[in-house]
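Let me begin by presenting the structure, written as structure tokens, before commenting on it.
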Amino acid sequence: MTYAVTGASGQLGRLVVERLKAKAPASEIAALARSPEKAADLGVPVRQADYTKPDTLEKALAGVDVLLLISSSEIGQRAPQHHNVLQAAKAAGVKRVVYTSLLHADTSPLSLAPEHAETEKELKGLGIPFTILRNGWYTENNTGFVKGAVAGGALIGAAGEGRISGATRADFADAAVVALADVSHAGKTYELAGDDAYTLADLAAEISRQTGKLIPYKNLSAADYAKALTGFGLPGSIAEALAGWDALVPKGVLFDDGKALSRLIGRPTTPLSTAVAAALA
Ligand SMILES: NC(=O)c1ccc[n+]([C@@H]2O[C@H](COP(=O)([O-])OP(=O)(O)OC[C@H]3O[C@@H](n4cnc5c(N)ncnc54)[C@H](OP(=O)(O)O)[C@@H]3O)[C@@H](O)[C@H]2O)c1
């Protein structure tokens, strides 16, 4: 049995490969990376695979039985890039595909959703058994702001009282490994999210508790939040995207209480306190 993991040089991909090594011999795991040198330390064979270069993809997928397609980070280019991977998988005779999608990809108003929905549709029509992992918000998306909040004396955002069912990349990586290793997940679509939802005020309270400093949450309009992020050095388009996603949080776009993730991985998802401690370390 040979497994392949795309995006193996990325943060999620690295965690998946590390965990998959506990389930399968390293020789049966192929790390697929656009820049193979970035995945050379993973201790498994690395194959070059660029989503924009179909010739690299078919070669990289030769002899692969089960593929994890980790969605590309190139927002706006993803559907055609994923198309290239899926067509190469079909041509190479891959027997099962696991895809990391987005929470509620079929109904989510997030601008990120249509690309994922398009890939899901193509995957379902491909004729290869598949599993769709609709990953919720990485808690790290939020805890990435912890140090800045401590330095600035407040956590800012535009998510109001909206609840975020975040889970860590490690939680999602464990789910991917379970789906890869067990054929019984074929044909299933999972909405994966953390067990306990938090608001940004909860995050600020947890930062305050762990640091012993009062770090309040300041809610801004999306426009003001985008302006503040630009002031911190983020490119305007990224600042606007982040602020726009935040502004949708009160509508429940990042909330899910189905607990499919903890059921899949057989343990509770990582608590916010643990993620904050990691961010402060
Ligand atoms: N659920 C969430 O909250 C959330 C948050 C952020 C991202 N995501 C999605 O989840 C994915 C994994 O997250 P992550 O944190 O691991 O992201 P990441 O660290 O940015 O990794 C992205 C991976 O995609 C690879 N990639 C990008 N363009 C490629 C191309 N043309 N050909 C081949 N590989 C390409 C990157 O390769 P290089 O190393 O060569 O750049 C990298 O390995 C992201 O790509 C994104 O789709 C989800």
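Because the structure is predicted, anything quoted here is derived from the model rather than measured. For the numbers below, each heavy atom of this structure counts, side chains included, while hydrogens, waters and symmetry mates do not.
Pairs engaging residues 229-250 under the side chain to side chain donor-acceptor pair (under 3.5 Å) rule: Ser111-Trp245 [sequence neighbours left out].
In the hydrophobic clustering (ILVMFWY side chains linked at under 4.5 Å, chained through shared members), Leu57 is joined by Leu32, Tyr51, Leu61, Val64, Leu67, Leu69, Val85, Leu86, Val94, Val97, Tyr99, Leu123, Leu126, Ile128, Phe130, Ile132.
Residues Tyr217 and Leu203 fail the side-chain proximity criterion, which asks for heavy atoms closer than 4.5 Å. Between Leu254 and Ser165 there is no side-chain heavy-atom pair separated by less than 4.5 Å. Between Tyr3 and Val16 the shortest side-chain heavy-atom distance does not fall below 4.5 Å. Two residues are said to be in side-chain contact when any heavy atoms from C-beta on lie closer than 4.5 Å; Val249 and Leu200 fail this criterion. For the pair Leu261/Phe172, a side-chain contact is recorded, criterion being any heavy-atom separation below 4.5 Å from C-beta on.
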- Message: Between Asp256 and Arg134, is the salt bridge (charged side-chain N to carboxylate O under 4.0 Å, His left out) condition met? List the steps.
- Response: CA-CA 11 Å; Asp256 184 276; Arg134 288 184 172 164; over 6 Å; no

- Checking side-chain hydrogen bond (donor to acceptor under 3.5 Å, both in side chains) for the pair Ser72/Gln81: CA distance, chi angles, key distance, verdict? CA-CA 7 Å; Ser72 170; Gln81 291 187 353; 2.6 Å; yes

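Within a 6.0 Å sphere centred on NZ of Lys218, heavy atoms belonging to other residues, nucleotides or ligands number 12 at most. Other residues, nucleotides and ligands contribute more than 12 heavy atoms inside 6.0 Å of the CD atom of Glu74.
Between Tyr190 and His185, the angle of the ring planes goes over 60°, which puts this pair in the perpendicular group of the 30/60° scheme.
Closest approach of Asp195 to Thr269, counting heavy atoms only: N-OG1, 2.8 Å. Gly43 approaches Ala26 most closely through the heavy-atom pair O-CB, 3.5 Å.
Taking a cutoff of 4.0 Å between a charged side-chain nitrogen and a carboxylate oxygen, Asp171 and Arg267 qualify as a salt bridge. A salt bridge does not link Glu118 with Lys121: every distance from a Lys NZ or Arg NE/NH1/NH2 to an Asp or Glu carboxylate oxygen is 4.0 Å or more. A salt bridge between Arg34 and Asp50 is absent, with no side-chain N of the basic residue lying under 4.0 Å from a carboxylate O of the acidic one.
Side-chain atoms of Ser101 and Glu120 form a donor-acceptor pair, as typed in the model, at a separation below 3.5 Å.
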Please tabulate, for side-chain N and O atoms in residues 17-25, each donor-acceptor pair with protein atoms closer than 3.5 Å (sequence neighbours left out).
residue : atom : partner : partner atom : Å
Arg19   : NE   : Asp174  : OD1          : 2.6
Lys21   : NZ   : Leu42   : O            : 2.6

